[in-house]
Amino acid sequence: MKQDLRIGFLPLTDCAVLVAAQERGFFEKYGLNVTLQREVSWANIRDRVAFGELDAAHMLAPMPLAATLGIDGLGIPMQTAVSIGLNGSAITLSSALMQGVRTHFPEYLHTSPLRATGLKALLGRGPQRKLVLGCVYPFSQHYYLLRAWLQDGGLEIGQDVEVRVIPPSQMVSALTAGEIDGYCAGEPWNQAAVQRGVGCVAVSSYGLWHNGPEKVVGVTQAWAEANPQLHLALVKALLEAAVWADDRHNRAKLAEMLACPQYLDVPLELIRAPLLGRYRYAADEPERFLPDFNVFARYAANFPWRSHGRYFLRQMLAAGQLAEPVADENALLASVYRTELYRQAADALGYPYPTGDEIPMLDCTTPWVLHEASQPIAMGSNHIALPQLRGG
């Protein structure tokens, strides 16, 4: 008998692994009868998983940790045994704001990645006002990347910038209405702003941290303890789907799936081009080649690295989201990041898996090989562009 599962997701390109698992039959292969349920916001995802209305969900990478720490407003412990993607988001600014920097401070447009120093200079030339930037959720890689990028340019959240929490799919309409000056969100919502001519991408998440953490599939700890075999089957299905989704030969078909009304319900080209490594920063610029804009399985992308949890703890502390350091980090991370369950699933599938729980933070700008694994694993660059992302 098939096991029924309700899994929530937000309409973002990086729900791709869930969609692939459903549409290509990987859930069914492992005896799972899955209903994928589109939600409107990350807070909705949190609430519905916490109260059992969803069995699992597409989550921002820091969400299970914030829930277990009790700082997310609910405090119902959660965990993850699988990541479903690296990279995939960007900081987009209004076209008017970017034009102001181009006109008055073009000298600040020649760095790679683009720094926020041009924004700082632009704010300094007129009547003082705060920038208003959208962010998808307080406990998100988006918030930590945005905060680091602004700080690097001499801007402080609270003093120079107001950050408003807005669901990803509502960012473009808020930007068009002039309610915000920009935002940090996942695709296809940056490309949608570029296509409409209302926004320009300032920097991609890959530009700030090559192959940094992005999304996971999360469950409550209570659900995981009550359903160990079901959880294992779910992880196996997701691992097979991630490998399928990461194959370049499958990306065009994947884009067609994602564009369907029940998933993202947006024009196909907004999804297809970035999935194929073609990314547009502004309507009047040619596409740039970003082959790793979305990584679904390569570079040990699916492993729930506890070192990512350590990074999130540093960022939460630096952002004032944690009042003091966690007393026993190791115990906390072991409860949230289920590395042993991942290894069990990967081993059953014959996939290579890391044998250590912490990825070496080598700051490599070139490909490298992870030897602390069941088989050597090819890894991509993990360069971090901003010091604020290294030390918190």
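- Salt bridge present: D357 and R343 bring a charged side-chain N and a carboxylate O closer than 4.0 Å.
- Screening L239, V216, L341, V17 for a side-chain contact (heavy atoms from CB on, under 4.5 Å) involving V82 leaves a single residue, L239.
- Every residue two or more places apart in sequence or in another chain was checked for a ring pair (Phe, Tyr, Trp, His ring centres under 6.0 Å) with Y353, and none qualifies.
- The heavy-atom pair separating W189 from V266 by the smallest distance is CH2-CG1, 3.7 Å.
- With salt bridges taken as basic N to acidic carboxylate O contacts below 4.0 Å, one links D363 and R390.
- The backbone N or O of A318 sits less than 3.5 Å from a side-chain atom of R147, completing a donor-acceptor pair.
- Side chains of L208 and I91 form a contact here, defined as non-hydrogen atoms less than 4.5 Å apart.
- Less than 6.0 angstrom separates the ring centroid of W209 from the ring centroid of Y311.
- R306 and E358 are not joined by a salt bridge, as no carboxylate oxygen comes within less than 4.0 angstrom of a charged side-chain nitrogen.
- Annotation: side chain of S204 is not in contact with side chain of N87 (no heavy-atom distance under 4.5 Å).
- By the 4.5 Å heavy-atom criterion applied to side chains, V132 and E179 are not counted as neighbours.
- Evaluated for a side-chain contact (heavy atoms from CB on, under 4.5 Å) with R46, the options Y137, F51, F139 yield exactly one hit, Y137.
- R278 and E269 are joined by a salt bridge, as a carboxylate oxygen and a charged side-chain nitrogen come within less than 4.0 angstrom of each other.
- Checked by atom type, the side-chain pair Y263/E23 shows a donor-acceptor distance below 3.5 Å.
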Show the numbers, then the answer: is there a side chain to side chain donor-acceptor pair (under 3.5 Å) between N190 and E187?
CA-CA 6 Å; N190 301 289; E187 292 302 340; 3.1 Å; yes
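- Of all heavy-atom pairs between P213 and Q141, the closest is O-CG, 3.4 Å.
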